[in-house]
Amino acid sequence: MHLVYPAVLAVLLFCTGLYGVLARRNAILVLMSVELMLNAVNLNLVAFDVWLRDTLHTGQALTLFTIAIAAAEIGIGLAIVLLVYRNRGSSDIDRLRDLAEQADAGDGDPQPDTTAEAAA
């Protein structure tokens, strides 16, 4: 098997994912781009495992761990994105960052919780 074909495909997948992470504004599309990058790593692991004819199949074992980590990352990431979307009404990354900076841009003193005082 030629190692060049899967390596070039993995580079293309990784570059596409990197572009998606850097250029996208939607949090879900950023998560999908991270998945593309992880799949490029998986492709490289399996290709080098086949090319080196490893008897322990270390590349394939690491690929299984990477798939498990990616599944956990997507599960937690989507839960966070859905929670942010419910609270803020948008999953736009730039808008969320701006909102966080506006909350910290006050006079430096934390605001007292008036709802807790009113309820008491």
Only counting residues at least two apart or in another chain, list the ones meeting side chain to side chain donor-acceptor pair (under 3.5 Å) with T58.
-> D54
Would you give the length of the straight line joining atom CG of L36 to atom CG of L29, rounded to the nearest 0.5 angstrom?
-> 10.5 Å
Kindly give the heavy-atom pair with the smallest separation between L13 and A40, and that separation in Å.
-> CB-CB, 3.8 Å
What about L78 and M32, same hydrophobic cluster or not, with Ile/Leu/Val/Met/Phe/Trp/Tyr joined at side-chain heavy-atom distances under 4.5 Å?
-> yes
First locate atom OG1 of T66, then atom CD of E73, and finally report the distance between them rounded to the nearest 0.5 Å.
-> 12.0 Å
Roughly how far, to the nearest 0.5 Å, is CG of N42 from CG of L64?
-> 9.0 Å
Considering the options V30, L31, V81, L82, which one meets the side-chain contact (heavy atoms from CB on, under 4.5 Å) requirement together with S91?
-> V81
Could you pull out the closest heavy-atom pair between S90 and V84, with the gap in Å?
-> O-CG1, 4.0 Å
Residue pair G20 / S33: nearest heavy atoms and the distance that separates them = CA-OG, 3.2 Å
Charged N to carboxylate O below 4.0 Å: is that the case for D94 and R25?
-> yes
Any side-chain heavy atom of Q60 within less than 4.5 Å of one from L45?
-> no
Hey, is CD1 on I69 packed in by over 12 heavy atoms from elsewhere, all under 6.0 Å?
-> no
Min side-chain heavy-atom separation N26-D92 under 4.5 Å = no
Rounded to the nearest 0.5 Å, the OG1 atom of T16 sits from the CE atom of M37 at a distance of 11.0 Å
Minimum heavy-atom distance L38-A70, with the two atoms named = CD1-CB, 3.6 Å
V4 and L12: same hydrophobic cluster, using ILVMFWY side-chain contacts below 4.5 Å?
-> yes
Should L3 and L43 be counted in the same cluster of Ile, Leu, Val, Met, Phe, Trp and Tyr side chains packed under 4.5 Å apart?
-> no
